[in-house]
Amino acid sequence: MAKICLCLTAATIQRNLEILNKYRQYTDIAELRVDCLESDERLYIRRFPELAGLPVILTIRRTVDGGYYTGGEGARVKLLARGLAYANADSRFNFAYVDIEDDFDVPSLEEAARTFGTRIIRSFHSVNGVIDNIPAKIKSMQRSGDEIIKVAFAVNSANDVLHVLQSSKTAAKTDKIVICMGYYGIYSRILAEKFNSFLTYSRALSECEISGAPGQLDVKELAELYRFRTINKKTKIYGLVGYPIKSSVSPWFFNTIFKIENTDAVYVPFPADSINDLLDVAEEMNVQGLSVTVPHKESVLKRLAGRSTDVRSIGACNTIYRNNSSWYGENTDCAGFSESLLEFINKKNLKRQKVTIIGAGGAARAVASEIFRLGGQALILNRTAHKAKNIASQYNFRWGGLDSQGLEKIPKYSNIIIQTTSAGMEGHDSTDPLEMYNFTGKETVMDLIYTPPETPFLKRAAASGCRTINGYSMVIRQACLQYVRFTGKEIPRQILSMINTTGVNTWNKTPAN
Ligand code: NAP
C-alpha cells in the first residue's frame, strides 16, 4: 500500500530531527530536502539516516524543478556524493533512496548508490502543467528494473488530474510515484493508492517550515483524519466538490464516522471550478457520493439522471450519489436549514413570520422553499436583482436588489433576516452584504456561513442586540442526512455527542497551496 513520506524542509539537521520525532508515528519514509538546509548544515547530511532511524530519501531539488537549490550542478553532484559516501554494510545507516532527476547523468554516482542498496527515485517535475503522453514518459525514464519512477505535475484543473489518473493506470506496472501538485490536486495526495503511487509526500503544517511542494497535506491529518494507511484499492470514496474549498466541517464529520464505524471509506475535498470535469474524475475513480457546495449547486443539475422532488422544485442540489453509474441528486440543505432555524426560534412553523432572505444562489433557493413550506412570507434581496425575482415569483414572495430601494422594504420583513450569500465566508470577500441596513435589535438573524463562526454581518447584528445563529447547526444536520443517503446507515450516537461537546474547532482546513 502507498506509504506516507514526511518532507523535511527545515534549515538545520537538528530541527528536521525534532520534527521527525514529533511526527514519527505518522511517517513511513522521511525525505531530507538538502536544498532547504543552510550551507553549513549540508556538510553533515551523511549521518542523517542513522539519526533518523527510518528509511530516508536524499533529495537536492533544483529551483527549475520547484526546489530551492541555486548552486551549480557540479556542487550538487558533490553534495549527492557526500550523502552517499562511506556506505555502511548495514543499509539502515545509508540513505534508503536517492532522488535524481531524469536529466541527471552521472553513472558512477548511480552505480555507487545501487551497490549499497540505495534505491534510485528517478524524477521528472513539470511545474508548468501536465504533458501529453505520460505513460511514454514513464517508460522512457526507466533505466533499470529496481528504480522508482517519479512524475510530478502542476495541475490547473480537474481535467488535468483526470489525465494524470488515467495515465497512472496505463503506465508500466513498476513502482512509481505519481503526484498532482497544487490546490486542484489535493485529493490525489490522499488517494495516492488509487493513483498507483508508491508514496505520498506530506509535511508538518503546524511546524511552519517552508513548503516542500504545492498542495502537500499535513502529515497528521493525512494519517489520522483521512486514515491514509487504511486506504486500499477497494476503499469507497466520498467527498465535497466546490471552489474554493478553504474550510469545511464535512471531511471531519464523515471521516470521523467512518473511523467510529470501522467503515472502509474515505471522504476527501475535491476542489474544482468545473463540475463537469470533476464528475469525469469522480466516475473514473468510482466515487460513490458527493456533497456539492458553492458554486456548483445549480450547475450540477445538468449531469443528474434523477432528482428528488425538492431538487426539482427548487432547482438546486447539494447531495449527489451514484446508482448504476448514473448520478442522482437530493437537497439536504432544506431540512438542515428548517430544523436548525425552528429549533433556534423554538417554533414548529413560520406562520405569521416575515422574513428577509439576503442572496439568491443555491442556498437561498433551499431557504425560500422551506420558508414557503412552513407558512412564512419573505422578501428576497440579491446583488443581481433578477435572480431574486426568479425565486420570489415561484412562491409569491417580494424581491429587490441589494440597494437603497431594496433595503427600504426590509422593515416589513424583519422578524427574521437570513444571510445566504457567500460574502463573509473564509476564502471569499469579507464584506457585509447588508452594511447599509441598521439592525433594530429585534430581528432574529441567521447567517448560513459557519467559517468564520461570526461574519462581519453576524457580528454587527449581535452588537445591535439581535439574537444570532450561524450555519454550523445547519451544516451538521444536512451532513447527517447526507450520511444516511450515502451509506444507508444510521448516524452513530457517538458522533452526535462529539459534535455537541467539541464543536467547530475540531476539524481540518484544506491547505491553500
Ligand atoms: P451560490 O449559489 O454561489 O450563490 C452565491 C450568492 O452570494 C449569490 O446570491 C451571489 O449574488 C451572492 N454573493 C456573492 N458574493 C457577494 C457579495 N460580495 N455581495 C453580495 N452578494 C454576494 O452559493 P450558495 O451555494 O448559495 O452558498 C452561499 C453561502 O451559503 C456559502 O457561504 C455557503 O457556504 C453557505 N451555505 C451554508 C450551508 C450550511 O449548511 N450552513 C448550506 C449551504 C450554503 P449574485 O447572484 O449577485 O452573484
Side-chain angles (χ1 to χ4, degrees), residues 1-6 23-29 186-200 202 205 217-241 245 247-270 281-292 318-324 328 330 332 336 472 475-510:
M1 295 228 287
K3 299 178 193 324
I4 298 181
C5 175
L6 175 62
Y23 300 94
R24 182 175 292 277
Q25 60 178 305
Y26 310 118
T27 307
D28 301 313
I29 297 174
I186 281 171
Y187 51 95
S188 76
R189 294 184 182 271
I190 304 168
L191 302 171
E193 181 67 20
K194 308 275 183 182
F195 281 71
N196 298 305
S197 188
F198 176 72
L199 58 73
T200 196
S202 62
L205 217 58
L217 273 104
D218 179 66
V219 67
K220 184 173 178 209
E221 187 176 301
L222 198 60
E224 286 196 340
L225 177 72
Y226 294 107
R227 294 187 301 150
F228 181 88
R229 286 169 167 145
T230 69
I231 298 175
N232 59 72
K233 294 277 187 288
K234 290 189 180 152
T235 301
K236 286 189 174 160
I237 307 171
Y238 300 90
L240 169 69
V241 52
I245 305 176
S247 51
S248 163
V249 72
S250 299
W252 173 80
F253 176 84
F254 284 96
N255 288 315
T256 304
I257 301 184
F258 292 150
K259 191 172 179 178
I260 292 170
E261 300 277 270
N262 204 14
T263 307
D264 187 11
V266 63
Y267 183 100
V268 300
F270 286 107
V281 175
E283 285 167 16
E284 184 72 26
M285 291 214 272
N286 198 20
V287 170
Q288 304 291 304
L290 289 166
S291 314
V292 181
N318 78 329
T319 309
I320 64 172
Y321 59 96
R322 279 178 86 195
N323 199 351
N324 293 332
Y328 292 83
E330 292 196 358
T332 63
Y472 185 64
V475 74
I476 293 297
R477 287 168 194 270
Q478 66 78 28
C480 286
L481 296 167
Q482 279 180 340
Y483 177 81
V484 173
R485 159 50 67 204
F486 287 161
T487 64
K489 294 182 183 170
E490 291 295 308
I491 295 284
R493 285 191 161 278
Q494 203 178 334
I495 185 94
L496 295 176
S497 64
M498 286 168 83
I499 289 161
N500 295 338
T501 54
T502 55
V504 78
N505 292 323
T506 44
W507 42 276
N508 68 304
K509 298 202 169 187
T510 308

### Heavy-atom side-chain proximity of Lys194 to Ile237 below 4.5 angstrom
yes
#### Entry: Non-hydrogen atoms of Ile29 and Lys3 that approach each other most closely
CD1-CD, 3.6 Å
#### Entry: Any Ile231 side-chain heavy atom under 4.5 Å of Met1 side chain
no
### Message
Do Leu205 and Lys220 have side chains that approach each other closer than 4.5 Å (heavy atoms only, starting at C-beta)?
### Response
no
### Query
Could you give the distance from OH (Tyr238) to OG1 (Thr487), rounded to the nearest 0.5 Å?
6.5 Å
### Query
Side chains of Asp218 and Ser202: donor-acceptor distance under 3.5 Å anywhere?
no
### Query
Can Glu330 and Thr319 be counted as having a side-chain donor-acceptor contact under 3.5 angstrom?
no
### Query
With a 4.5 Å limit on heavy-atom distance, are the side chains of Phe253 and Ser248 in contact?
no
### Query
Quick check: are there more than 12 heavy atoms from other residues, nucleotides or ligands sitting under 6.0 Å from NZ of Lys234?
no
## Note on the structure
For Ala2 and Phe228, the nearest pair of non-hydrogen atoms, with its separation, is O-CE2, 3.3 Å
#### Entry: Glu261 (side chain) donor-acceptor with Lys259 (main chain) under 3.5 angstrom
no
### Query
Nearest heavy-atom pair of Phe254 and Ala479: which atoms, and what distance?
CZ-O, 3.8 Å
### Message
On a heavy-atom basis, which atom in Pro251 and which in Tyr226 lie closest, and how many Å separate them?
### Response
CB-OH, 3.7 Å
#### Entry: side-chain contact (heavy atoms from CB on, under 4.5 Å) between Arg189 and Leu222, intermediate numbers included
CA-CA 9 Å; Arg189 294 184 182 271; Leu222 198 60; 5.6 Å; no
### Task
Evaluate the side-chain proximity of Phe270 to Val287: yes if any heavy-atom separation is below 4.5 Å, no if none is.
yes
### Query
Tell me, do Trp252 and Ile495 make a side-chain contact under 4.5 Å, heavy atoms counted?
yes
### Rounded distance [0.5 Å steps], CD in Gln482 versus CG in Leu290
9.5 Å
### Task
Output the distance between atom CG (Asp264) and atom CG (Asn262), rounded to the nearest 0.5 Å.
8.5 Å
### Side-chain H-bond candidate by donor/acceptor type, Glu193 with Asn232, under 3.5 Å
no
### Query
Roughly how far, to the nearest 0.5 Å, is CD of Gln25 from CD1 of Ile4?
10.5 Å
### Query
Hey, does Asn318 have a side-chain heavy atom less than 4.5 Å from the side chain of Gln478?
yes
### Query
What heavy-atom pair brings Thr235 and Thr230 nearest, and what distance separates the two atoms?
OG1-O, 3.7 Å
### Task
Start with the C-alpha distance between Tyr26 and Leu6, add both sets of side-chain angles, then the distance that settles side-chain contact (heavy atoms from CB on, under 4.5 Å), and finish with yes or no.
CA-CA 8 Å; Tyr26 310 118; Leu6 175 62; over 6 Å; no
### Query
How many angstroms lie between OH in Tyr267 and CG in Asn255, if you round to the nearest 0.5 Å?
9.0 Å
### Task
Establish, for the pair Arg485 and Tyr321, whether the NZ or CZ atom is under 6.0 angstrom from the six-membered ring centre and no further than 45 degrees off its axis.
yes
### Query
Are the side chains of Ile257 and Pro492 in touch, meaning some heavy atoms are under 4.5 Å apart?
yes
### Query
How are the rings of Tyr483 and Phe258 set to each other: parallel, tilted or perpendicular (split at 30° and 60°)?
tilted
### Message
Assess the residue pair Met285 and Val281 against the criterion (side-chain contact (heavy atoms from CB on, under 4.5 Å)); give the C-alpha distance rounded to whole Å, side-chain angles, the decisive distance to 0.1 Å, and a yes or no.
### Response
CA-CA 6 Å; Met285 291 214 272; Val281 175; 4.0 Å; yes
### Query
Which is it for Asn286 and Lys236 under the side-chain contact (heavy atoms from CB on, under 4.5 Å) test, yes or no, and what are the steps along the way?
CA-CA 8 Å; Asn286 198 20; Lys236 286 189 174 160; over 6 Å; no
### Query
Looking at Ile190, Ile186, Leu217, which one forms a side-chain contact (heavy atoms from CB on, under 4.5 Å) with Val268?
Ile190
### Message
Among residues at least two apart in sequence or on other chains, which ones pass salt bridge (charged side-chain N to carboxylate O under 4.0 Å, His left out) with Arg229?
### Response
Asp28
### Message
Can you confirm whether more than 12 heavy atoms, excluding those of Glu284, are under 6.0 Å from its CD atom?
### Response
yes
